[in-house]
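I have placed the structure first, in the form of C-alpha cells, so that the comments after it can refer back to it.
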Amino acid sequence: MFSSIKEAQISRAIVGEFSKWFEDYIICDVIIVGGGPSGLMAARDLASSGLKTLVIESNNYIGGGFWVGGYFMNTLTFRSPAEDILDELGIPYRELEKGLLVADGPSACSKLIFEACQAGVKILNLTKFDDVVLRNKRVEGAVINWAAVSALPRQITCVDPIAIESKIVIDATGHDAWVARSLEKRGLLKIQHF
C-alpha cells in the first residue's frame, strides 16, 4: 500500500524541487549544449573540479547515440586507448581484437550519466538551445526554450525563450554544431564544411 500522499503534494514537490535548483543555475560557471557522451564527460570533469555545470539537451533522454549504437544495435565500439576512460568510469567492456573494444550501450550510458550526476552536474532535458547570450562579442550564456515549442509552427506558439548566463558555453552538439552555427550567423565564426 502506498503512503497517503495527495496529488497536490506530488505537484508541489516536482515544481518546488525543480525551481530551487534551476533558479540557482540561471547563472552558472559552464553551460554545455548537448548531453551525449562528450557533453556528459566534459560536464563530469568540470563539475568534479568544482565548477557549477549545466547540460542542456533537446531530447527527452540524455546520452545521445550511446543508447542505440550503430544501426540501432546497442553494442558500442571503442578504440584503444579508450579503455583508460572506460576503466575510470567503471564501464565493463571486452577486447574483441587488439585495439578494438566493445561495451553494452545501456550499461555504459547509464554509468556515464550516473557519474556526471554524482559530480554535481545539473541537466535540462527537453530543452532547446535557441541562441547565445552575446555581450561585446563574448559568449556569456544561452537562450533556451522548451523543445516542444520549437516543434510547433510559429504562428501558434507564443512562448518566449529565457536566457541563462555562464562564464563558458561548450558546444557538444556533434555534427549539428548549434552553438557554432549561432556564432556563424552573426559573422563571429566561420565553420569549415567538409
Side-chain angles (χ1 to χ4, degrees), residues 11 13-68 109 112-117 119-194:
S11 296
I14 292 168
V15 172
E17 291 302 306
F18 178 84
S19 295
K20 270 188 243 175
W21 79 255
F22 184 53
E23 186 174 352
D24 186 42
Y25 276 72
I26 288 174
I27 299 174
C28 55
D29 296 316
V30 182
I31 295 170
I32 298 176
V33 182
S38 61
L40 289 171
M41 193 68 186
R44 183 204 70 138
D45 289 351
L46 292 164
S48 293
S49 70
L51 296 173
K52 190 191 291 188
T53 306
L54 177 67
V55 171
I56 297 168
E57 173 55 53
S58 62
N59 288 306
N60 65 337
Y61 60 90
I62 54 176
F66 250 32
W67 286 115
V68 295
C109 191
L112 180 54
I113 293 167
F114 176 79
E115 291 294 323
C117 291
V121 174
K122 292 297 184 186
I123 299 166
L124 284 175
N125 56 321
L126 279 174
T127 300
K128 183 93 166 95
F129 168 84
D130 277 351
D131 204 352
V132 293
V133 173
L134 198 64
R135 289 191 193 97
N136 301 317
K137 295 186 179 183
R138 182 176 172 358
V139 175
E140 294 188 1
V143 178
I144 59 172
N145 210 335
W146 298 114
V149 170
S150 66
L152 297 171
R154 270 223 178 282
Q155 58 271 37
I156 64 170
T157 59
C158 59
V159 179
D160 288 336
I162 62 171
I164 54 179
E165 297 182 8
S166 66
K167 298 171 188 166
I168 298 168
V169 175
I170 296 174
D171 189 339
T173 59
H175 301 294
D176 296 329
W178 291 116
V179 178
R181 287 176 194 260
S182 178
L183 294 172
E184 185 176 47
K185 282 183 197 173
R186 295 168 184 245
L188 298 172
L189 180 70
K190 178 69 177 136
I191 299 174
Q192 290 189 357
H193 301 276
F194 298 97

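- A donor-acceptor pair under 3.5 Å links the side-chain atoms of S48 to the main chain of R44, judged by distance alone.
- Among residues two or more places apart in sequence or in another chain, the side chain to side chain donor-acceptor pair (under 3.5 Å) test is passed with D45 by none.
- Proximity of I56 to I164: side-chain heavy atoms (C-beta onward) are separated by under 4.5 Å at one or more points.
- The backbone N or O of L46 sits less than 3.5 Å from a side-chain atom of S49, completing a donor-acceptor pair.
- In this structure, L134 and L188 have side chains that are in contact, with non-hydrogen atoms separated by less than 4.5 Å.
- Proximity of a side-chain donor or acceptor of N60 to a complementary backbone N or O of L126 within less than 3.5 Å is not detected.
- Contact check on D171 versus R181 returns no salt bridge, with no Lys/Arg side-chain nitrogen under 4.0 Å from an Asp/Glu carboxylate oxygen.
- For K52, the NZ atom counts as densely surrounded, since its 6.0 Å shell holds more than 12 non-hydrogen atoms of other residues, nucleotides or ligands.
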Run K20 and E17 through salt bridge (charged side-chain N to carboxylate O under 4.0 Å, His left out) and show every step you take.
CA-CA 5 Å; K20 270 188 243 175; E17 291 302 306; 2.9 Å; yes

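- Taking 4.5 Å as the limit, every side-chain heavy atom of I168 sits out of range of all side-chain heavy atoms of D29.
- Proximity of V139 to L183: side-chain heavy atoms (C-beta onward) are separated by under 4.5 Å at one or more points.
- With sequence neighbours left out, D176 forms a salt bridge (Lys or Arg N to Asp or Glu O under 4.0 Å) with no residue at all.
- You'll find the side chain of D24 stays beyond 4.5 Å of the side chain of K122, heavy atoms only.
- Listed by chain and residue number, nothing satisfies the salt bridge (Lys or Arg N to Asp or Glu O under 4.0 Å) test with K128 (two or more places apart in sequence, or in another chain).
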